[in-house]
Novice: 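Sharing a structure here in structure tokens format.
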Amino acid sequence: MRGIFNPENGFWRVTGKIVDAALLSLFWIVCSLPVFTLGPATAALYKTSVKCLRGDETKSWSMFFLTFKENFKVGALTSLIVAAIAVALVYLHSLAYNAAAQDTSWTVFYYCYTFLLLLPLGAACYVFPVLSRFEMGVGALVTNSLKLAIAHLPSTIAMGAWLWLMQMLFLRWPVTFLFLPGLTAVFQSLLLERIFAPYMGSDADDPE
């Protein structure tokens, strides 16, 4: 019986990480509601997921809000840039959809444009994780994130596709919002931590 109720028991460790994933997802959703705070919230979710969900560090709540505070200024300003680009891309997508609906000759263009959206969607996946792991200003953050996205194109497309699938899953089953943000951060970290490692030297975190 002592083994069953031991907090180091594998069952309780897994249960604790599931609970942490749900709470971190909820924190991310609440902190992202003003939109301009999406950046610092995403940076906080990513770093906490790496260290607590994949790693063995505890106190996930305090780490989330500390990281949110540390990255608030740069993250908020960058969020406005990312949001503006997103609005423009979504608007163009709606134009392409309407054109295809009225004239089937635009259908191929619509599907090509939709597929190409995976690139900026995937590139956006670098921005706030980079912010959570490195210190830099808005300009350097955007520039370096784009360089990484281009240099690691397969990972960029994979993360863009993952976000697209998570969006479709959420629209079909809204209750999945309890886990999708945390699950997405963990998935991204499997790709991004390997990409970040050469730039972090001996300070790189290895959650594996």
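If you read the sequence from its start, that first residue is 1, and numbering goes on from there. All of these numbers come straight from a predicted model, not from anything done at the bench.
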Novice: When the aromatic ring centroids of His93 and Tyr110 are compared, is their separation below 6.0 Å?
Specialist: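 Yes, the ring centres sit under 6.0 Å apart.
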Novice: Which heavy atom in Cys125 sits nearest to a heavy atom in Leu163, and how many Å separate them?
Specialist: SG-CD1, 3.3 Å
Novice: Please check if atom CZ in Phe115 has more than 12 non-hydrogen atoms from other residues, nucleotides or ligands closer than 6.0 Å.
Specialist: no
Novice: Under a single-linkage rule joining Ile, Leu, Val, Met, Phe, Trp and Tyr whose side-chain heavy atoms are separated by less than 4.5 Å, which residues share a cluster with Val35?
Specialist: none
Novice: Do Tyr97 and Thr114 get their side chains close enough for a donor-acceptor pair, meaning under 3.5 Å?
Specialist: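 No, because no side-chain N or O of Tyr97 sits under 3.5 Å from a partner of the opposite role on Thr114.
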Novice: Which class fits the ring pair Phe27 and Phe64: parallel under 30°, tilted 30 to 60°, perpendicular over 60°?
Specialist: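 The arrangement is tilted - the two ring planes meet at 30° to 60°.
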Novice: At their closest point, which heavy atom of Met136 faces which heavy atom of Leu141, and how far apart are they?
Specialist: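 Here Met136 and Leu141 meet closest at SD-CA, 3.4 Å.
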Novice: Would you name the heavy atoms of Thr67 and Ala43 that are closest together and state the gap between them?
Specialist: CG2-O, 3.9 Å
Novice: With a cutoff of under 4.5 Å between side-chain heavy atoms, which Ile, Leu, Val, Met, Phe, Trp and Tyr residues group with Phe36?
Specialist: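 Phe68, Phe72, Leu80, listed by chain and number.
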Novice: Using modelled atom types and a 3.5 Å cut-off, is there a donor and acceptor pairing between side-chain atoms of Ser79 and backbone atoms of Gly39?
Specialist: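 Between the backbone of Gly39 and the side chain of Ser79 there is a qualifying donor-acceptor contact (under 3.5 Å).
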Novice: Check Glu193 with Arg133, please: is the shortest side-chain N to carboxylate O separation under 4.0 Å?
Specialist: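 Yes, Arg133 and Glu193 are salt-bridged.
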Novice: Any sub-3.5 Å donor-acceptor pair from Lys47's side-chain atoms to Leu131's backbone N or O?
Specialist: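 Here the side-chain-to-backbone pair does not exist.
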Novice: Determine, using ring centers only, whether Phe109 and Trp106 are less than 6.0 Å apart.
Specialist: yes
Novice: With no hydrogens and no angle check, is any side-chain donor or acceptor of Thr107 less than 3.5 Å from a backbone partner on Thr104?
Specialist: yes
Novice: If I take atom CZ from residue Phe65 and atom OG1 from residue Thr48, how far apart are they, to the nearest 0.5 angstrom?
Specialist: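 Result: 9.5 Å between the selected atoms.
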Novice: Taking the side chain from Ser189 and the backbone from Val186, do they hold a donor-acceptor pair closer than 3.5 Å?
Specialist: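 Checking the backbone N and O of Val186 against the side chain of Ser189, a donor-acceptor pair under 3.5 Å is found.
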Novice: So Met159 and Thr184, side-chain contact (heavy atoms from CB on, under 4.5 Å) or not? Walk me through it.
Specialist: CA-CA 9 Å; Met159 288 189 290; Thr184 296; over 6 Å; no
Novice: In this structure, are over 12 heavy atoms from other groups packed under 6.0 Å from Phe134 atom CZ?
Specialist: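 Enclosed: over 12 neighbouring heavy atoms sit under 6.0 Å from CZ of Phe134.
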